[in-house]
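Below: the structure, in structure tokens.
A, B, ... follow the sequence lines: proteins, then strands. Residue 1 opens every chain.
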Protein chains: 2
Amino acid sequence: MVALGSLERSTSSDIVFDKLFGQITRLELLPGTKISETDVAKTFGFSRQPVREAFSRLANLNLLLVRPQRATVVRPFSRKLIAHARFVRAAVELEVVRSAALDRDRSVDAALKANLREQAQAVSAEDVSRFHELDYDFHKLLCASAKQEFAFEIIAENKAQVDRLCMLALTSKEAMVVLYEDHQKLLEALFGSDAASADEVLRVHLDRLTPTIDAIYTTHNAYFDD
Amino acid sequence: MVALGSLERSTSSDIVFDKLFGQITRLELLPGTKISETDVAKTFGFSRQPVREAFSRLANLNLLLVRPQRATVVRPFSRKLIAHARFVRAAVELEVVRSAALDRDRSVDAALKANLREQAQAVSAEDVSRFHELDYDFHKLLCASAKQEFAFEIIAENKAQVDRLCMLALTSKEAMVVLYEDHQKLLEALFGSDAASADEVLRVHLDRLTPTIDAIYTTHNAYFDD
DNA sequence: ACACGATAACTTGCATACTAGTCAACATAT
DNA sequence: ATATGTTGACTAGTATGCAAGTTATCGTGT
């Protein structure tokens, strides 16, 4: 699960972007942390210009907040922005699964099934990080199945906003089981060409984050804007 | 219908962005047109840096294509990119209208009705540009009705890609009538809290562009990449 | 006349320097 | 001691110059 795009040609700006993107989404850089173009440029050994461009891109993803003549900070969580990101992510992925249910690329079926089996193993082994990896791939495979691979870029962009928040939540085995079962039901609906059912299952699946987010809002209120 | 965002604080970069965005989407700059940072900087009287930033933002919207060490061109149309943009736009707006059908902000009802009435007048008067304005506002009001104003930003981003292409198509009175009737049906579904019907009407509505786009692909093939 | 090679004129990416604006600390006055 | 004004250390936005690479033009040789 590497940064968005994983560009082929690597400019200085790309290097800075990838590094910071990772640090922010993995929460190694906490929300509210001040971060200056000059400092980052020094640590990378680049000039300010490529760093600036990377900042600009990260700001577009709502991961940085550039305040002219003041400072740039790792963007604090915002319930509003999180809601927006979840809305878009859900909208796109719902259309993906509906589309896949109606006309999917069957050559992806095997990969989906294999992924699901591995999920079961990860759940048994209580291997949370492996489960997260598989979850990431699973949703990516859904896009492939719908023949809309590009859609995962949109999903990933919006996931990033939520993922870094969920780094603060522990994933219990029970939670993993629930998510796994959702995935299972989703595949059943997909393979059964049942768009309505796939829609409903995915809605429930994506809504499961709500209580987690609410909980983090109270336990880590200092990281929030609103 | 001003450029995306209509930022409050106007930097040099913003000025360049807004200007170029308008020229590209209005097709005053044709797909494939070469455009260099230096030239643009000269005409605006700015340095290359703010222009460069504007280019970067336009490239993110797939309106420019920056080819390092070669040149930057107004991005040619691409059926693939157009399909992607339409997919995302449809996904988001479908979720918007479903959401509005289930729980809308009734204080927007009046504006929607008023807009629809004005559309009828524009159709009668065969005032195409006025109709396009109203159409833009109508879809924006839909987002407001769903209490998801932000969603229109996503829609507008993806519309831009398609809109500039549709500048090449004439809108006949008959076509306007059809679009108007779609809008009418959509509002009926919305006010009747009929999400399924709203979904279906919007799907048909957004699909009406397909033959237009196909036609332009043949008549203006030189502007296309693929 | 035509093919081919060198060169000059472009392009964007990066580095450095300067400007305008904000904020915090400190000194001064009450 | 507290309030206030000034100064200095920061910030991002902008300007300019250089480096690396591509393209097109022009000249040369056949």
Roughly, in whole Å, what's the span from CG in B/Asp14 to C1' in D/dG13? 11 Å

Is any side-chain N or O of B/Arg48 under 3.5 Å from a base N or O of C/dG13, one able to act as donor and the other as acceptor? yes

Across all chains, not counting sequence neighbours, the side-chain hydrogen bond (donor to acceptor under 3.5 Å, both in side chains) partners of B/Asp226 are B/Ser78

Check whether any side-chain N or O of A/Asn158 sits under 3.5 Å from a backbone N or O of A/Ile154 as a donor-acceptor pair, and report yes or no. yes

Would you say B/Thr11 places a side-chain N or O within less than 4.0 Å of OP1 or OP2 belonging to D/dG13? no

Measure the distance from CZ on A/Phe17 to P on C/dG13 and round it to the nearest whole Å. 16 Å

Might you point out which heavy atoms bring A/Thr171 and A/Ala175 nearest each other, and give the distance in Å? CG2-CB, 4.2 Å

So, does B/Arg52 get its side chain near the phosphate of C/dG13, meaning an N or O under 4.0 Å from OP1 or OP2? yes

I want to verify a distance call: between D/dA15, C/dG21, C/dG13, whose nearest atom is closest to the A/Gln69 side chain? C/dG21

Heavy-atom nearest nucleotide on DNA chain D taken for A/Gln49 and for A/Ala71; more 5' hit belongs to A/Ala71

Rounded to whole Å, the CZ-P distance (B/Arg67 to C/dC10) equals 17 Å

In whole angstrom, give the distance that lies between atom CD of B/Glu53 and atom P of C/dT12. 16 Å

Taking the side chain as every heavy atom from C-beta outward, state whether A/Leu165 and A/Leu209 have any atom pair closer than 4.5 Å. no

Would you confirm whether A/Asp135, through its side chain, and A/His132, through its main-chain N or O, come within 3.5 Å as a donor-acceptor pair? no

Respond yes when some side-chain nitrogen or oxygen of A/Thr72 is under 4.0 Å from OP1 or OP2 of D/dT11, and no when none is. no

Under-4.0 Å side-chain N/O to phosphate OP1/OP2 contact, A/Arg70 with C/dC23: yes

Please lay out, stage by stage, how A/Arg52 and A/Ser13 fare under the test side chain to side chain donor-acceptor pair (under 3.5 Å). CA-CA 8 Å; A/Arg52 188 173 161 66; A/Ser13 171; over 6 Å; no

Please check if atom CZ in A/Phe138 has more than 12 non-hydrogen atoms from other residues, nucleotides or ligands closer than 6.0 Å. yes

Hey, can you pull the residues of residues 35-47 of chain A with a non-hydrogen atom under 4.0 angstrom from DNA chain C? A/Phe46, A/Ser47

